[in-house]
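Input: a single structure, listed below in C-alpha cells.
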Amino acid sequence: MFILGAAAWPFVYLTLLRFLRSLRGVEDIGSLLAFRLLALGFLVFLGILLLSNVIGALSSFFLARDLPAIRTAPVDGLSLYLARLTETMVSSSWMVMLLLVPVLTAYASAFEAGPAFLPIAAGAVLPLLVVPAAAGSAITLLLVRVFPARRSRDILLVIGLGSAAMLVLVLRTLRPERLVDPESYRSLVGFLAALRGPSSPWLPSQWAADIVAAGLERSVDPLTWLLLWSTAAGMTTLGAMLHGRLFARCFTRAQEGEEHRVRHSLGWLRFESVLAGLQVRRRELVLKDVRTFFRDTTQWSQLIIIAVLVVVYVYNMRALPLSAGTTTISRYLTTLVLYLNLALTGFVVAAIAGRFVFPAFSLEGRTLWLLRSSPVPATEILSSKFWTGAVPLTTLALLLTILTNIVLGVPAPLFLLSVASVVCLSAAFTAQALAWGVFFPVFESENAAQIPTSIGGLLFMLGALGSLGTVIAGQAWALRGYLVSGLPGRPTRAILPSELIVAFGITLGVTLVTGIVAMRSAEARIDSKL
C-alpha cells in the first residue's frame, strides 16, 4: 500500500502533464484552453469548499465537545475565532490541497515556469482557501442564530435546499456542455467567447486562476493580487466582527438539552429485520456502528455534500454530447470518455471511504476496551465495520456507474466491466480505509471530521489513488486494441471476450491483493497492539 500511495501523485502528475502538453501543441487556443480549464477547476473547488466549510463550521464552532471548557478558560474571542477558523479550513480543504499539488506541479512543468512559480501558486491558493472558510463560518453563525445548533436537521435542511438551488443556478449559468462542442461555433471568436463563459471577473476563483496563469507566463498583475488578498482579509475581518457580536448568544442557544429517547422508527425496524439472519454478536456490532454514525451530526451531515456532488457528476455526464448518434466527436474520444468514467467514479468512492470508513475505528474511543476485554475476536470487529462501510459504498458506486453509463450509452461489454470493477474497488477501498484507520487511530479527536486529515488519512488517499491508477492502467493495456480502433488507418471492431477477461482479471487481482493484505495487517495490528 505504501508503494501504491507513493505512485498516486506521480500518476496524476504525469497524466495531466501529458494532457497539458498536448493542449499547448494546439495553435492559438491551446494555452488559453489550459488556463480556462484551470479557472473552471478553481470555480468548482470554491463551490465545494464553501459547502464543506458551512457544515464543518457547525461542528467546529458549536458542537465540539471541548467548547464548554474553552469558553470557561481565559481565552479572548478573537483567538478562539481564528483557531476554529483555521481548524475548519484545514479539515474542509485538505483533500483539495492534496489534489492541487500534482495539478499545479503539472502546469508548472508543462509551461516551464521554474522554481519561482512555487511561491506564486502558494500565494494564490491560500486566500482561495480562506475566503470560503470565512464565508462558510459566517453563514453557519447566522443559521445558528435562527436555529439552535442541536436542531441540526433544520439547519442542514436550509443548507441542503440552498445548495440545491445554487447548484441548479450555477449549472444553468455555466452550460459546460458548450465547451465540448466546438463545431457548433462558426468562428474562432465565438469559441473563445464561450471559453470565457464558465468564469467571472468578480469571483475569487478567477483571480486565483489569473495569478497562476500570470506566474506561468512569468508576469505579475498587482491588481489581481490586491483583489484576492484584500477579499480574504475582508471576509476574515467580517467573520471576526460577526463572531464577536453573535457567538456568545449563539453558543448559549447551542447548549439546549439533547433528546436521548430511543426512536424505533419504521425504517429502523425494517433494517433490524434485514439483519435478523446474522449471528447475534455480529448483528449487534453492525447495529452499534450504524447507531454511532447517525448519532453524530458531524458524520451524517456530510451526506449533503455527497448528494450535491452526485448531482453535479451525473449532470455533467448528461451534458456531454457522447451518445451513439453524436457526430461532433470522434468514436475514439467517445470511447475514451466512457472508459475514464471508471476513474472518476473510483475517485469519488475513495474520497467517501476516506471520510466515513477511515474514522470508524477511531470513533470507538474509550469504549474500545470493552470490545477488547470481551470474547470478540479482531476479525469480527473489523468484519462488522467492513460490511457497514462496504454496502453503502458499493451501493453509491453502482448508482453512479449505472446512471452515468445509461446517460452515456455505454456498450454492454463495457457496462458489465465497469459495474464489476466498481464493486471490486469499493470493497478494496473499504478494507484499505479500515487498515489505515487501525494503524493510525486518532482516539482523542473532538471532531470526527478532523480524523481523515491525519497522516493516516493522507496515506490512505494516496494508496487508494495508487490502486485506482493501477487498475485503470491495467484495463487500458488490456483494452488497448479496442480503444484505438476506429482511428485513422485502424479498422473499427468490437471488444473481444479475451480482452474483457484480462481486464477484469487485472482489476480483481489488484483489489483482492490490496484488500486482503490490508485486512490481515489490521487484524494482526489489533491483536498485537490493542
Side-chain angles (χ1 to χ4, degrees), residues 1-13 49 52-53 56 59-60 64-66 83-105 118 122 125-126 129 133 296 298-299 302 346-347 349-366 368 378 382 385-386 389 393 428-470 514-515 517-526 528-530:
M1 289 188 293
F2 280 101
I3 297 176
L4 293 175
W9 269 345
F11 176 80
V12 176
Y13 165 76
L49 289 175
S52 180
N53 278 283
S59 58
S60 299
R65 290 191 293 268
D66 60 345
R84 293 294 168 169
L85 179 65
T86 303
E87 176 184 311
T88 303
M89 182 182 70
V90 173
S91 63
S92 301
S93 310
W94 71 273
M95 191 173 297
V96 171
M97 291 187 290
L98 178 66
L99 183 60
L100 281 177
V101 170
V103 169
L104 293 179
T105 305
L118 179 60
V125 171
L126 180 59
L129 302 178
D296 190 352
T298 62
Q299 284 282 86
Q302 303 292 319
F347 178 79
V349 173
I352 295 173
R355 178 59 189 87
F356 294 107
V357 182
F358 175 81
F361 189 77
S362 299
L363 291 177
E364 293 292 344
R366 297 178 180 178
L368 183 61
L382 290 177
K385 295 185 181 298
F386 174 82
L393 267 183
F429 291 161
T430 304
Q432 292 178 32
L434 277 177
W436 286 114
V438 170
F439 276 90
F440 296 91
V442 189
F443 295 122
E444 69 278 4
S445 176
E446 297 289 341
N447 185 355
Q450 299 173 0
I451 298 176
T453 63
S454 64
I455 183 62
L458 175 63
L459 291 175
F460 160 70
M461 281 303 299
L462 292 176
L465 292 178
S467 302
L468 178 61
T470 304
T514 56
V517 169
M519 292 296 286
R520 293 291 180 264
S521 302
E523 292 174 9
R525 177 75 173 184
I526 293 177
S528 62
K529 298 294 185 181
L530 299 174

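Reckoned from all heavy atoms, side chains included, excluding hydrogens, waters and symmetry mates. In what follows, residues are counted from 1 in the order of the sequence shown.
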Smallest separation among heavy atoms of [X] and [Y], with atom names:
| X | Y | result |
| --- | --- | --- |
| Ser467 | Gln432 | OG-NE2, 3.2 Å |
| Leu434 | Ala360 | CD2-CB, 4.4 Å |
| Met461 | Ala350 | SD-O, 3.7 Å |
| Ala428 | Thr514 | CB-OG1, 3.9 Å |
| Ala435 | Ala518 | CB-O, 3.3 Å |
| Pro441 | Ser362 | CA-OG, 3.4 Å |

Between [atom1] on residue [X] and [atom2] on residue [Y], distance to nearest 0.5 Å:
| X | Y | atom1 | atom2 | answer |
| --- | --- | --- | --- | --- |
| Glu87 | Ser60 | CD | OG | 4.0 Å |
| Phe347 | Phe429 | CZ | CZ | 10.5 Å |
| Phe358 | Leu458 | CZ | CG | 9.5 Å |
| Trp436 | Leu462 | CH2 | CG | 9.0 Å |
| Ile526 | Glu523 | CD1 | CD | 7.5 Å |
| Leu129 | Thr86 | CG | OG1 | 11.5 Å |

Check step by step if side chain to side chain contact (heavy atoms under 4.5 Å, CB included) holds for Leu459 and Phe439. CA-CA 11 Å; Leu459 291 175; Phe439 276 90; over 6 Å; no
Residues Leu382, Val438; criterion side chain to side chain contact (heavy atoms under 4.5 Å, CB included); working and verdict: CA-CA 10 Å; Leu382 290 177; Val438 170; 4.0 Å; yes
Does Thr88 offer a backbone N or O that forms a donor-acceptor pair with the side chain of Ser91 under 3.5 Å?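 Flag set: sc Ser91 to bb Thr88 pair under 3.5 Å.
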**Asked** Does the side chain to side chain contact (heavy atoms under 4.5 Å, CB included) test come out yes or no for Val125 and Leu104, once each step is laid out?
**Response** CA-CA 10 Å; Val125 171; Leu104 293 179; 3.8 Å; yes
